[in-house]
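Down below is the structure, laid out as C-alpha coordinates.
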Protein chains: 2
Amino acid sequence: MATDALVAFEPRKMPIQARSTVTVDAISEAAIQVLLSHGAERLTTTRVADRAGVSVGTLYQYFSNKQSLLFAVLENHFNKVASRVEAACQRARHKPLSEMTKEMVEAFVDAKMERADISVALYRVACEVGGPTLVKRVNHRTRKAVEAALETAPDIKSPPDQFAIEIMLSAMGGVMRSLLESGPSPATVRKAREQLVLLCQSYMAAATAKRV
Amino acid sequence: MATDALVAFEPRKMPIQARSTVTVDAISEAAIQVLLSHGAERLTTTRVADRAGVSVGTLYQYFSNKQSLLFAVLENHFNKVASRVEAACQRARHKPLSEMTKEMVEAFVDAKMERADISVALYRVACEVGGPTLVKRVNHRTRKAVEAALETAPDIKSPPDQFAIEIMLSAMGGVMRSLLESGPSPATVRKAREQLVLLCQSYMAAATAKRV
DNA sequence: TCCAGACCTGAAGAATCCTTCATCCAATGG
DNA sequence: CCATTGGATGAAGGATTCTTCAGGTCTGGA
(Lines give C-alpha, C1' and ligand atoms only; values in the text may rest on other atoms or scores of the structure.)
Protein backbone atom coordinates (compact mmCIF):
# COMPACT_ATOMS: atom_id res chain seq x y z
CA MET A 1 0.00 0.00 0.00
CA ALA A 2 2.93 2.29 0.57
CA THR A 3 5.38 2.35 -2.28
CA ASP A 4 3.74 0.24 -4.95
CA ALA A 5 0.50 2.10 -4.56
CA LEU A 6 1.67 4.17 -7.47
CA VAL A 7 1.56 1.52 -10.14
CA ALA A 8 -1.23 1.87 -12.64
CA PHE A 9 -0.93 5.61 -12.20
CA GLU A 10 1.39 5.72 -15.16
CA PRO A 11 0.18 7.81 -18.06
CA ARG A 12 -0.92 5.98 -21.15
CA LYS A 13 0.39 7.82 -24.16
CA MET A 14 2.67 10.76 -24.68
CA PRO A 15 1.45 13.68 -26.77
CA ILE A 16 3.22 13.91 -30.12
CA GLN A 17 1.48 16.50 -32.19
CA ALA A 18 0.94 19.96 -30.82
CA ARG A 19 -2.80 19.67 -30.69
CA SER A 20 -2.73 16.72 -28.34
CA THR A 21 -0.50 18.62 -25.95
CA VAL A 22 -3.15 21.29 -25.83
CA THR A 23 -5.74 18.61 -25.18
CA VAL A 24 -3.82 17.08 -22.30
CA ASP A 25 -3.34 20.46 -20.69
CA ALA A 26 -7.00 21.24 -21.15
CA ILE A 27 -7.94 17.99 -19.47
CA SER A 28 -5.67 18.64 -16.49
CA GLU A 29 -7.01 22.13 -16.06
CA ALA A 30 -10.57 20.88 -16.46
CA ALA A 31 -9.99 18.34 -13.71
CA ILE A 32 -9.11 21.16 -11.37
CA GLN A 33 -12.13 23.18 -12.41
CA VAL A 34 -14.48 20.27 -11.87
CA LEU A 35 -12.86 19.54 -8.56
CA LEU A 36 -13.53 23.09 -7.46
CA SER A 37 -17.06 23.37 -8.76
CA HIS A 38 -18.39 19.88 -8.07
CA GLY A 39 -16.17 18.45 -5.36
CA ALA A 40 -14.12 15.28 -5.42
CA GLU A 41 -17.14 13.06 -4.99
CA ARG A 42 -18.81 14.32 -8.14
CA LEU A 43 -15.71 14.45 -10.27
CA THR A 44 -16.50 12.30 -13.25
CA THR A 45 -14.29 11.46 -16.16
CA THR A 46 -17.15 12.42 -18.46
CA ARG A 47 -17.62 15.70 -16.68
CA VAL A 48 -13.93 16.48 -16.89
CA ALA A 49 -13.89 15.66 -20.59
CA ASP A 50 -16.94 17.85 -21.18
CA ARG A 51 -15.36 20.74 -19.38
CA ALA A 52 -12.19 20.26 -21.37
CA GLY A 53 -14.20 20.31 -24.55
CA VAL A 54 -13.23 16.80 -25.59
CA SER A 55 -14.88 13.44 -25.32
CA VAL A 56 -14.30 10.85 -22.66
CA GLY A 57 -12.50 8.62 -25.07
CA THR A 58 -9.86 11.26 -25.58
CA LEU A 59 -9.28 11.45 -21.88
CA TYR A 60 -8.71 7.73 -21.68
CA GLN A 61 -6.21 7.98 -24.48
CA TYR A 62 -3.82 9.82 -22.20
CA PHE A 63 -4.78 8.63 -18.75
CA SER A 64 -5.32 4.99 -18.01
CA ASN A 65 -8.02 5.76 -15.48
CA LYS A 66 -9.48 8.43 -13.25
CA GLN A 67 -6.88 8.02 -10.56
CA SER A 68 -4.10 8.31 -13.07
CA LEU A 69 -5.47 11.66 -14.15
CA LEU A 70 -5.75 13.01 -10.64
CA PHE A 71 -2.36 11.65 -9.74
CA ALA A 72 -0.78 13.46 -12.65
CA VAL A 73 -2.38 16.73 -11.66
CA LEU A 74 -1.28 16.30 -8.08
CA GLU A 75 2.25 15.37 -9.02
CA ASN A 76 2.56 18.31 -11.34
CA HIS A 77 1.47 20.73 -8.65
CA PHE A 78 3.84 19.28 -6.08
CA ASN A 79 6.73 19.45 -8.46
CA LYS A 80 6.10 23.07 -9.20
CA VAL A 81 6.03 24.01 -5.54
CA ALA A 82 9.11 21.93 -4.79
CA SER A 83 11.00 23.60 -7.62
CA ARG A 84 10.19 27.01 -6.28
CA VAL A 85 11.47 26.08 -2.86
CA GLU A 86 14.59 24.53 -4.28
CA ALA A 87 15.28 27.66 -6.27
CA ALA A 88 14.88 29.76 -3.14
CA CYS A 89 17.30 27.52 -1.28
CA GLN A 90 19.78 27.96 -4.09
CA ARG A 91 19.44 31.73 -3.97
CA ALA A 92 19.82 31.82 -0.22
CA ARG A 93 23.10 30.00 -0.01
CA HIS A 94 25.70 31.53 2.25
CA LYS A 95 23.20 33.81 3.88
CA PRO A 96 22.67 33.67 7.64
CA LEU A 97 20.25 31.07 8.98
CA SER A 98 17.37 33.38 9.72
CA GLU A 99 17.43 35.01 6.34
CA MET A 100 17.76 31.71 4.61
CA THR A 101 14.77 30.37 6.46
CA LYS A 102 12.78 33.42 5.60
CA GLU A 103 13.40 33.12 1.90
CA MET A 104 12.61 29.45 1.89
CA VAL A 105 9.34 29.84 3.75
CA GLU A 106 8.26 32.77 1.67
CA ALA A 107 8.96 30.88 -1.52
CA PHE A 108 6.81 28.06 -0.26
CA VAL A 109 3.93 30.28 0.72
CA ASP A 110 4.08 32.23 -2.50
CA ALA A 111 4.21 29.12 -4.64
CA LYS A 112 1.18 27.71 -2.89
CA MET A 113 -0.75 30.94 -3.11
CA GLU A 114 0.03 31.50 -6.74
CA ARG A 115 -2.43 28.79 -7.65
CA ALA A 116 -4.41 28.70 -4.45
CA ASP A 117 -7.34 27.25 -6.32
CA ILE A 118 -5.31 24.24 -7.37
CA SER A 119 -3.97 23.72 -3.89
CA VAL A 120 -7.42 23.74 -2.39
CA ALA A 121 -8.84 21.50 -5.08
CA LEU A 122 -6.11 18.95 -4.64
CA TYR A 123 -6.54 18.63 -0.90
CA ARG A 124 -9.79 16.92 -1.75
CA VAL A 125 -8.28 14.09 -3.71
CA ALA A 126 -4.78 13.75 -2.38
CA CYS A 127 -5.74 10.93 -0.08
CA GLU A 128 -7.42 8.85 -2.75
CA VAL A 129 -4.53 9.04 -5.16
CA GLY A 130 -1.40 8.17 -3.29
CA GLY A 131 -1.19 11.64 -1.81
CA PRO A 132 0.72 10.63 1.31
CA THR A 133 3.27 8.73 -0.74
CA LEU A 134 3.74 11.69 -3.03
CA VAL A 135 4.02 14.07 -0.13
CA LYS A 136 6.68 11.91 1.38
CA ARG A 137 8.59 11.85 -1.87
CA VAL A 138 8.37 15.60 -2.37
CA ASN A 139 9.23 16.30 1.25
CA HIS A 140 12.29 14.17 0.88
CA ARG A 141 13.36 16.07 -2.17
CA THR A 142 12.72 19.41 -0.52
CA ARG A 143 14.54 18.39 2.60
CA LYS A 144 17.63 17.64 0.57
CA ALA A 145 17.55 21.13 -0.85
CA VAL A 146 17.07 22.75 2.53
CA GLU A 147 19.78 20.65 4.03
CA ALA A 148 22.25 21.56 1.31
CA ALA A 149 21.49 25.22 1.78
CA LEU A 150 21.92 25.01 5.54
CA GLU A 151 25.38 23.57 5.07
CA THR A 152 26.41 26.91 3.61
CA ALA A 153 24.99 29.13 6.32
CA PRO A 154 27.87 31.03 7.91
CA ASP A 155 26.38 31.26 11.39
CA ILE A 156 25.66 27.58 11.98
CA LYS A 157 28.00 25.22 13.77
CA SER A 158 26.08 21.98 13.36
CA PRO A 159 22.98 21.98 11.20
CA PRO A 160 19.71 20.54 12.50
CA ASP A 161 19.25 16.88 11.74
CA GLN A 162 17.09 15.60 8.91
CA PHE A 163 14.23 14.83 11.16
CA ALA A 164 13.95 18.40 12.37
CA ILE A 165 13.79 19.66 8.83
CA GLU A 166 11.04 17.24 8.00
CA ILE A 167 9.12 18.37 11.03
CA MET A 168 9.44 21.92 9.83
CA LEU A 169 8.28 21.06 6.34
CA SER A 170 5.22 19.23 7.56
CA ALA A 171 4.42 22.10 9.89
CA MET A 172 4.60 24.46 6.95
CA GLY A 173 2.31 22.19 5.00
CA GLY A 174 -0.20 22.06 7.82
CA VAL A 175 -0.30 25.79 8.26
CA MET A 176 -0.75 26.41 4.56
CA ARG A 177 -3.48 23.85 4.40
CA SER A 178 -5.57 25.41 7.16
CA LEU A 179 -4.95 28.76 5.66
CA LEU A 180 -5.96 27.83 2.16
CA GLU A 181 -9.00 25.92 3.24
CA SER A 182 -10.27 28.92 5.13
CA GLY A 183 -10.43 31.07 2.01
CA PRO A 184 -8.22 33.78 3.47
CA SER A 185 -8.14 37.46 2.57
CA PRO A 186 -4.90 38.90 1.19
CA ALA A 187 -4.29 40.58 4.52
CA THR A 188 -4.65 37.29 6.31
CA VAL A 189 -2.25 35.65 3.92
CA ARG A 190 0.30 38.34 4.54
CA LYS A 191 0.01 37.92 8.26
CA ALA A 192 0.20 34.17 8.05
CA ARG A 193 3.26 34.40 5.88
CA GLU A 194 4.99 36.53 8.48
CA GLN A 195 4.04 34.23 11.28
CA LEU A 196 5.12 31.15 9.42
CA VAL A 197 8.50 32.71 8.84
CA LEU A 198 8.76 33.45 12.52
CA LEU A 199 7.69 29.93 13.40
CA CYS A 200 10.34 28.35 11.23
CA GLN A 201 13.03 30.78 12.23
CA SER A 202 12.47 30.14 15.91
CA TYR A 203 12.48 26.42 15.41
CA MET A 204 15.57 26.39 13.25
CA ALA A 205 17.37 28.56 15.75
CA ALA A 206 16.38 26.23 18.55
CA ALA A 207 17.34 23.10 16.65
CA THR A 208 20.70 24.40 15.59
CA ALA A 209 23.99 24.90 17.30
CA LYS A 210 24.82 28.47 16.44
CA ARG A 211 28.30 29.60 15.66
CA VAL A 212 29.03 32.68 17.72
CA MET B 1 -20.39 25.76 0.87
CA ALA B 2 -18.63 26.93 3.98
CA THR B 3 -20.82 27.08 7.03
CA ASP B 4 -24.09 25.59 5.88
CA ALA B 5 -22.29 22.65 4.38
CA LEU B 6 -23.13 20.85 7.56
CA VAL B 7 -26.87 20.63 7.11
CA ALA B 8 -28.15 17.18 6.27
CA PHE B 9 -25.34 15.78 8.34
CA GLU B 10 -27.66 15.69 11.31
CA PRO B 11 -28.24 12.24 12.73
CA ARG B 12 -31.62 10.72 12.14
CA LYS B 13 -32.71 9.04 15.33
CA MET B 14 -31.29 8.90 18.81
CA PRO B 15 -30.70 5.51 20.41
CA ILE B 16 -33.14 4.83 23.23
CA GLN B 17 -32.78 1.23 24.19
CA ALA B 18 -29.41 -0.14 25.14
CA ARG B 19 -29.14 -2.46 22.19
CA SER B 20 -29.44 0.33 19.69
CA THR B 21 -26.60 2.18 21.38
CA VAL B 22 -24.48 -0.88 20.84
CA THR B 23 -25.56 -0.95 17.23
CA VAL B 24 -24.69 2.67 16.62
CA ASP B 25 -21.27 2.21 18.16
CA ALA B 26 -20.72 -0.90 16.11
CA ILE B 27 -21.60 0.99 12.96
CA SER B 28 -19.21 3.82 13.76
CA GLU B 29 -16.41 1.44 14.53
CA ALA B 30 -17.17 -0.56 11.40
CA ALA B 31 -16.93 2.59 9.32
CA ILE B 32 -13.41 3.09 10.59
CA GLN B 33 -12.48 -0.50 9.91
CA VAL B 34 -13.82 -0.35 6.38
CA LEU B 35 -12.05 2.92 5.83
CA LEU B 36 -8.79 1.32 6.86
CA SER B 37 -9.18 -1.90 4.94
CA HIS B 38 -10.88 -0.71 1.77
CA GLY B 39 -10.11 3.00 1.53
CA ALA B 40 -12.51 5.90 1.31
CA GLU B 41 -13.39 5.21 -2.29
CA ARG B 42 -14.64 1.72 -1.56
CA LEU B 43 -16.45 2.56 1.62
CA THR B 44 -20.00 1.43 1.06
CA THR B 45 -22.93 1.72 3.37
CA THR B 46 -23.64 -1.93 2.74
CA ARG B 47 -20.08 -2.88 3.50
CA VAL B 48 -20.12 -0.89 6.71
CA ALA B 49 -23.36 -2.49 7.75
CA ASP B 50 -22.00 -5.95 6.98
CA ARG B 51 -18.90 -5.33 9.00
CA ALA B 52 -21.00 -4.03 11.86
CA GLY B 53 -23.09 -7.16 11.71
CA VAL B 54 -26.32 -5.35 10.91
CA SER B 55 -28.24 -4.67 7.75
CA VAL B 56 -28.09 -1.54 5.67
CA GLY B 57 -31.55 -0.56 6.72
CA THR B 58 -30.41 -0.35 10.32
CA LEU B 59 -27.62 1.97 9.34
CA TYR B 60 -30.06 4.30 7.63
CA GLN B 61 -32.20 4.34 10.74
CA TYR B 62 -29.50 6.29 12.57
CA PHE B 63 -27.69 8.12 9.82
CA SER B 64 -29.56 9.96 7.14
CA ASN B 65 -26.92 9.13 4.55
CA LYS B 66 -23.36 8.06 4.06
CA GLN B 67 -21.93 11.51 4.65
CA SER B 68 -23.86 11.84 7.86
CA LEU B 69 -22.25 8.68 9.14
CA LEU B 70 -18.74 9.78 8.26
CA PHE B 71 -19.34 13.21 9.64
CA ALA B 72 -20.42 11.77 12.95
CA VAL B 73 -17.32 9.63 13.19
CA LEU B 74 -15.12 12.56 12.33
CA GLU B 75 -16.79 14.87 14.79
CA ASN B 76 -16.54 12.35 17.55
CA HIS B 77 -12.83 11.91 17.03
CA PHE B 78 -12.17 15.62 16.92
CA ASN B 79 -14.12 16.18 20.08
CA LYS B 80 -12.14 13.57 21.93
CA VAL B 81 -8.83 15.09 20.92
CA ALA B 82 -10.01 18.58 21.73
CA SER B 83 -11.15 17.48 25.16
CA ARG B 84 -7.79 16.00 25.92
CA VAL B 85 -6.05 19.20 24.96
CA GLU B 86 -8.48 21.29 26.97
CA ALA B 87 -7.88 19.12 30.00
CA ALA B 88 -4.14 19.54 29.60
CA CYS B 89 -4.56 23.31 29.39
CA GLN B 90 -6.56 23.21 32.56
CA ARG B 91 -3.90 21.20 34.37
CA ALA B 92 -1.13 23.49 33.16
CA ARG B 93 -2.57 26.72 34.47
CA HIS B 94 -0.15 28.97 36.32
CA LYS B 95 2.83 27.06 35.07
CA PRO B 96 5.55 28.83 33.08
CA LEU B 97 5.03 29.21 29.35
CA SER B 98 7.43 26.55 28.21
CA GLU B 99 6.08 23.94 30.54
CA MET B 100 2.54 24.81 29.65
CA THR B 101 3.30 24.47 25.98
CA LYS B 102 4.95 21.16 26.54
CA GLU B 103 1.98 19.68 28.33
CA MET B 104 -0.43 20.95 25.75
CA VAL B 105 1.54 19.58 22.81
CA GLU B 106 2.12 16.25 24.48
CA ALA B 107 -1.56 15.90 25.23
CA PHE B 108 -2.33 16.53 21.60
CA VAL B 109 0.21 14.03 20.33
CA ASP B 110 -0.84 11.41 22.81
CA ALA B 111 -4.52 11.84 22.05
CA LYS B 112 -3.88 11.45 18.35
CA MET B 113 -1.65 8.44 18.80
CA GLU B 114 -4.01 6.70 21.15
CA ARG B 115 -6.23 5.85 18.22
CA ALA B 116 -3.77 6.33 15.43
CA ASP B 117 -5.80 4.04 13.24
CA ILE B 118 -8.81 6.31 13.49
CA SER B 119 -6.77 9.39 12.78
CA VAL B 120 -5.29 7.89 9.65
CA ALA B 121 -8.61 6.56 8.46
CA LEU B 122 -10.30 9.89 8.88
CA TYR B 123 -7.74 11.81 6.89
CA ARG B 124 -9.16 10.00 3.90
CA VAL B 125 -12.66 11.31 4.23
CA ALA B 126 -12.31 14.58 6.07
CA CYS B 127 -12.41 16.59 2.89
CA GLU B 128 -15.60 15.03 1.60
CA VAL B 129 -17.52 15.54 4.77
CA GLY B 130 -17.09 19.10 5.85
CA GLY B 131 -13.70 18.35 7.32
CA PRO B 132 -12.28 21.85 6.90
CA THR B 133 -15.33 23.37 8.54
CA LEU B 134 -15.07 20.97 11.44
CA VAL B 135 -11.37 21.58 11.79
CA LYS B 136 -12.01 25.28 11.93
CA ARG B 137 -14.63 24.80 14.61
CA VAL B 138 -12.43 22.53 16.71
CA ASN B 139 -9.41 24.76 16.27
CA HIS B 140 -11.44 27.68 17.49
CA ARG B 141 -12.51 25.79 20.56
CA THR B 142 -8.98 24.62 21.27
CA ARG B 143 -7.59 28.07 20.77
CA LYS B 144 -9.91 29.40 23.43
CA ALA B 145 -8.57 26.84 25.88
CA VAL B 146 -4.96 27.60 25.06
CA GLU B 147 -5.59 31.29 25.27
CA ALA B 148 -7.21 31.00 28.67
CA ALA B 149 -4.30 28.96 29.94
CA LEU B 150 -1.76 31.42 28.63
CA GLU B 151 -3.46 34.19 30.55
CA THR B 152 -2.36 32.46 33.72
CA ALA B 153 1.27 31.91 32.82
CA PRO B 154 3.41 33.81 35.31
CA ASP B 155 6.27 34.60 32.95
CA ILE B 156 4.28 36.23 30.16
CA LYS B 157 3.76 39.95 29.84
CA SER B 158 1.48 40.02 26.83
CA PRO B 159 0.20 36.75 25.43
CA PRO B 160 0.53 35.96 21.73
CA ASP B 161 -2.44 37.01 19.67
CA GLN B 162 -5.14 34.63 18.55
CA PHE B 163 -3.71 34.32 15.11
CA ALA B 164 -0.38 33.05 16.38
CA ILE B 165 -2.10 30.36 18.39
CA GLU B 166 -4.05 29.23 15.39
CA ILE B 167 -0.87 29.05 13.39
CA MET B 168 0.60 26.87 16.05
CA LEU B 169 -2.39 24.59 16.14
CA SER B 170 -2.41 24.09 12.41
CA ALA B 171 1.32 23.43 12.47
CA MET B 172 0.73 20.78 15.08
CA GLY B 173 -1.96 19.27 12.95
CA GLY B 174 0.27 19.20 9.92
CA VAL B 175 3.12 17.54 11.71
CA MET B 176 0.88 14.90 13.21
CA ARG B 177 -0.66 14.22 9.87
CA SER B 178 2.62 13.57 8.10
CA LEU B 179 3.73 11.51 11.00
CA LEU B 180 0.63 9.35 11.17
CA GLU B 181 0.47 8.83 7.45
CA SER B 182 4.02 7.55 7.41
CA GLY B 183 3.20 4.68 9.75
CA PRO B 184 5.87 5.65 12.28
CA SER B 185 7.68 3.40 14.72
CA PRO B 186 7.28 4.12 18.44
CA ALA B 187 10.79 5.54 18.46
CA THR B 188 9.92 7.92 15.67
CA VAL B 189 6.81 9.01 17.48
CA ARG B 190 8.80 9.75 20.58
CA LYS B 191 11.28 11.80 18.64
CA ALA B 192 8.58 13.67 16.79
CA ARG B 193 6.81 14.43 20.03
CA GLU B 194 9.97 15.97 21.42
CA GLN B 195 10.57 18.00 18.32
CA LEU B 196 7.01 19.20 18.15
CA VAL B 197 7.27 20.40 21.72
CA LEU B 198 10.42 22.25 20.82
CA LEU B 199 8.81 23.74 17.74
CA CYS B 200 5.88 25.11 19.68
CA GLN B 201 7.97 26.29 22.59
CA SER B 202 10.28 28.24 20.34
CA TYR B 203 7.40 29.81 18.51
CA MET B 204 5.48 30.71 21.62
CA ALA B 205 8.57 32.23 23.11
CA ALA B 206 9.15 34.28 19.97
CA ALA B 207 5.55 35.39 19.71
CA THR B 208 5.28 36.46 23.33
CA ALA B 209 6.52 39.37 25.30
CA LYS B 210 8.21 37.71 28.23
CA ARG B 211 8.04 39.07 31.72
CA VAL B 212 11.54 39.19 33.13
C1' DT C 1 -2.39 15.17 -53.77
C1' DC C 2 -2.48 11.11 -50.88
C1' DC C 3 -1.93 8.16 -47.06
C1' DA C 4 -0.50 6.37 -42.59
C1' DG C 5 -0.77 7.31 -38.30
C1' DA C 6 -2.21 10.52 -34.71
C1' DC C 7 -6.42 12.10 -32.74
C1' DC C 8 -11.08 12.40 -31.47
C1' DT C 9 -15.93 10.82 -30.77
C1' DG C 10 -19.74 9.23 -27.87
C1' DA C 11 -23.06 5.49 -27.38
C1' DA C 12 -23.30 1.55 -24.55
C1' DG C 13 -21.67 -2.38 -21.54
C1' DA C 14 -20.72 -3.65 -17.00
C1' DA C 15 -20.34 -2.68 -12.48
C1' DT C 16 -21.30 -0.31 -8.26
C1' DC C 17 -23.66 2.25 -5.10
C1' DC C 18 -27.17 4.81 -2.28
C1' DT C 19 -31.37 4.62 -0.31
C1' DT C 20 -36.10 3.05 0.56
C1' DC C 21 -39.83 0.31 2.25
C1' DA C 22 -42.68 -3.47 3.34
C1' DT C 23 -42.15 -6.74 6.88
C1' DC C 24 -40.77 -9.12 10.83
C1' DC C 25 -38.61 -9.49 15.75
C1' DA C 26 -37.83 -7.62 20.57
C1' DA C 27 -38.68 -4.92 24.62
C1' DT C 28 -41.26 -2.27 27.84
C1' DG C 29 -44.87 -0.92 30.73
C1' DG C 30 -49.55 -1.12 32.09
C1' DC D 1 -50.15 -11.07 28.90
C1' DC D 2 -50.74 -7.90 25.25
C1' DA D 3 -50.31 -3.69 22.85
C1' DT D 4 -47.25 -0.30 21.41
C1' DT D 5 -43.16 1.40 20.12
C1' DG D 6 -38.29 0.63 19.15
C1' DG D 7 -35.26 -2.02 16.43
C1' DA D 8 -33.69 -4.85 12.49
C1' DT D 9 -33.94 -6.97 7.86
C1' DG D 10 -32.45 -7.21 2.93
C1' DA D 11 -34.24 -7.37 -1.82
C1' DA D 12 -34.79 -4.10 -5.33
C1' DG D 13 -35.43 0.55 -7.57
C1' DG D 14 -33.17 4.30 -9.40
C1' DA D 15 -29.08 6.58 -10.43
C1' DT D 16 -24.21 7.12 -11.38
C1' DT D 17 -19.95 6.10 -13.00
C1' DC D 18 -15.87 3.99 -15.26
C1' DT D 19 -14.11 2.37 -19.28
C1' DT D 20 -14.08 0.47 -23.96
C1' DC D 21 -14.19 0.24 -28.85
C1' DA D 22 -15.68 0.65 -33.54
C1' DG D 23 -15.54 4.13 -36.47
C1' DG D 24 -14.86 8.76 -37.91
C1' DT D 25 -11.55 13.35 -38.63
C1' DC D 26 -7.26 15.81 -38.96
C1' DT D 27 -2.12 16.46 -40.00
C1' DG D 28 2.31 16.19 -41.85
C1' DG D 29 5.44 14.15 -44.83
C1' DA D 30 6.25 11.85 -49.45
Side-chain angles (χ1 to χ4, degrees), chain A residues 7-31 33-35 37-73 124-125 128-130, chain B residues 7-31 33-35 37-73 124-125 128-130:
Chain A
V7 273
F9 285 173
E10 301 301 312
R12 179 167 275 181
K13 183 165 80 175
M14 275 311 208
I16 293 184
Q17 300 178 2
R19 101 186 121 132
S20 66
T21 305
V22 172
T23 300
V24 170
D25 287 349
I27 291 173
S28 296
E29 184 62 32
Q33 300 303 331
V34 171
L35 221 41
S37 56
H38 295 250
E41 200 82 13
R42 314 191 72 81
L43 181 142
T44 292
T45 48
T46 307
R47 233 192 288 270
V48 170
D50 281 350
R51 182 116 192 184
V54 301
S55 76
V56 228
T58 300
L59 189 157
Y60 277 92
Q61 201 141 26
Y62 299 99
F63 302 96
S64 50
N65 51 41
K66 195 174 84 157
Q67 291 209 324
S68 167
L69 164 63
L70 295 174
F71 182 80
V73 174
R124 302 187 195 172
V125 284
E128 298 163 16
V129 191
Chain B
V7 272
F9 284 174
E10 300 300 313
R12 179 166 273 180
K13 184 164 79 175
M14 275 310 208
I16 293 183
Q17 301 177 2
R19 97 185 126 133
S20 66
T21 304
V22 171
T23 300
V24 170
D25 287 348
I27 292 173
S28 296
E29 185 61 32
Q33 299 303 332
V34 172
L35 221 40
S37 56
H38 295 248
E41 200 82 13
R42 313 191 72 80
L43 181 142
T44 293
T45 48
T46 308
R47 235 192 287 269
V48 171
D50 280 350
R51 181 115 192 184
V54 301
S55 76
V56 227
T58 300
L59 188 158
Y60 277 93
Q61 200 142 27
Y62 299 99
F63 303 96
S64 50
N65 52 40
K66 193 173 85 158
Q67 292 210 324
S68 167
L69 163 63
L70 295 174
F71 181 81
V73 174
R124 303 187 193 171
V125 285
E128 300 163 14
V129 190

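What you see is a predicted model; the values in this text were computed from it and never measured.
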Could you tell me whether F63(B) contacts a base, only the sugar-phosphate backbone, or nothing, with contacts defined as non-hydrogen atoms closer than 4.0 Å?
nothing

Name each donor-acceptor pair under 3.5 Å that joins a side chain in residues 39-52 of chain B to protein atoms two or more places apart or in another chain, with its distance.
residue, atom, partner, partner atom, Å
R47(B), NE, R42(B), O, 2.9
R47(B), NH2, R42(B), O, 3.3

For the atom pair CD1 (I27(A)) and CD (Q61(A)), what is the distance rounded to the nearest 0.5 Å?
9.0 Å

I want to check something: taking the side chain as every heavy atom from C-beta on, are F63(B) and V24(B) in contact at a cut-off of under 4.5 Å?
yes

Look at S20(A) and dC7(C) and indicate whether a side-chain polar atom (N or O) is within less than 4.0 Å of OP1 or OP2.
yes

Check the distance between dT19(C)'s P and L69(B)'s CG and give it to me in whole angstrom.
10 Å

From E128(A) atom CD to K66(A) atom NZ, the distance as rounded to the nearest 0.5 Å
7.0 Å

Show me the protein contacts with nucleotides 11-18 of chain C, counting only N or O atoms at under 3.5 Å.
residue, atom, partner, partner atom, Å
dC17(C), OP1, R47(B), NH2, 3.1
dC17(C), O5', T44(B), OG1, 3.4
dC18(C), OP1, K66(B), NZ, 3.1
dC18(C), OP2, T45(B), N, 3.2
dC18(C), OP2, T45(B), OG1, 3.4

To the nearest Å, give me how far apart CD (Q61(A)) and P (dC8(C)) are.
7 Å

Pair assignment for DNA chain C - dot-bracket with | for other-strand partners, Watson-Crick or G-U under 3.5 Å
||||||||||||||||||||||||||||||

Range on DNA chain D touched by chain A, heavy atoms, distance below 4.0 Å
dT17(D) to dT27(D)

